[in-house]
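Values reported hereafter were calculated over all heavy atoms of this structure, with side chains retained and with hydrogens, waters and symmetry mates removed.
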Amino acid sequence: MTDSTLGEPTPEDGEPTSFVENAKNLIKKHKGKILAVGGAVGSVALAVVFASLTERRDAEDQEPPSDPETTDEPPRSSSAYDVDPFLRKLPDGQNASEEKKEKYKEETGEDLPPGKTWVDGWSCPGDSPEDEDPGEAAA
């Protein structure tokens, strides 16, 4: 018995069929399935595009954020943030300073746990011109 490609018999002359012929035969044999899968994939792609366009349109219809000039809060750039105080684990053999132990006791009313230290909170005001020191602005 001779080998055949994709279950198709070889031509009578005994030469194997070419790749192009095999592809054509495969497409003829499975044309319905190929069209069904292609239609399904195309429908899903259209649905995704439509949903994306609808989402953009909805975002454009929304009211813009309030004008910074009408709020009591000074403008802050996206790089502005606040960090609350927190406990930090110390490496083995290290202890918190007396100053940190006292500060933790003041703020929480509890003793600082062993092997931990109290880290003060801080703020990063951002790029607002109001945040600059007048001496820095002139430089």
Q: Check whether any side-chain N or O of Ser52 sits under 3.5 Å from a backbone N or O of Val48 as a donor-acceptor pair, and report yes or no.
A: no
Q: Determine the minimum heavy-atom distance between Ile27 and Ile34, stating which atoms define it.
A: CA-CD1, 4.1 Å
Q: With rounding to the nearest 0.5 angstrom, report the CD to CG distance, Glu55 to Leu53.
A: 10.0 Å
Q: Is the count of non-hydrogen atoms from other residues, nucleotides or ligands lying under 6.0 Å from Lys103 atom NZ greater than 12?
A: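 No - once you tally the heavy atoms of other residues, nucleotides and ligands closer than 6.0 Å, there are 12 at most.
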Q: Measure the shortest side-chain to side-chain distance between Lys100 and Val119 over non-hydrogen atoms and say whether it is less than 4.5 angstrom.
A: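 They are not in side-chain contact.
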Q: List in chain and number order the residues that pass side chain to side chain contact (heavy atoms under 4.5 Å, CB included) with Glu99, two or more places apart in sequence or in another chain; answer none if no residue qualifies.
A: Ser97
Q: I'd like to know if Lys105 pairs up with Asp111 as an ion pair, taking the criterion as any Lys NZ or Arg NE/NH1/NH2 lying under 4.0 Å from an Asp or Glu carboxylate oxygen.
A: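 Here Lys105 pairs with Asp111 in a salt bridge, since their nearest N and O are under 4.0 Å apart.
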Q: Distance-only, no hydrogens or angles: does the Lys101 side chain make a donor-acceptor pair with backbone N or O of Leu112 under 3.5 Å?
A: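 No, Lys101 side chain to Leu112 backbone: no donor-acceptor pair under 3.5 Å.
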Q: Using every non-hydrogen atom in the two residues, find where Leu90 and Ala96 come nearest and quote the distance to one decimal.
A: CD1-N, 3.5 Å
Q: Does some side-chain heavy atom of Tyr104 sit less than 4.5 Å from a side-chain heavy atom of Lys116?
A: no
Q: Nearest 0.5 Å, what's the CG-NE2 distance between Asn25 and His30?
A: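 With rounding to 0.5 Å, CG (Asn25) is 10.5 Å from NE2 (His30).
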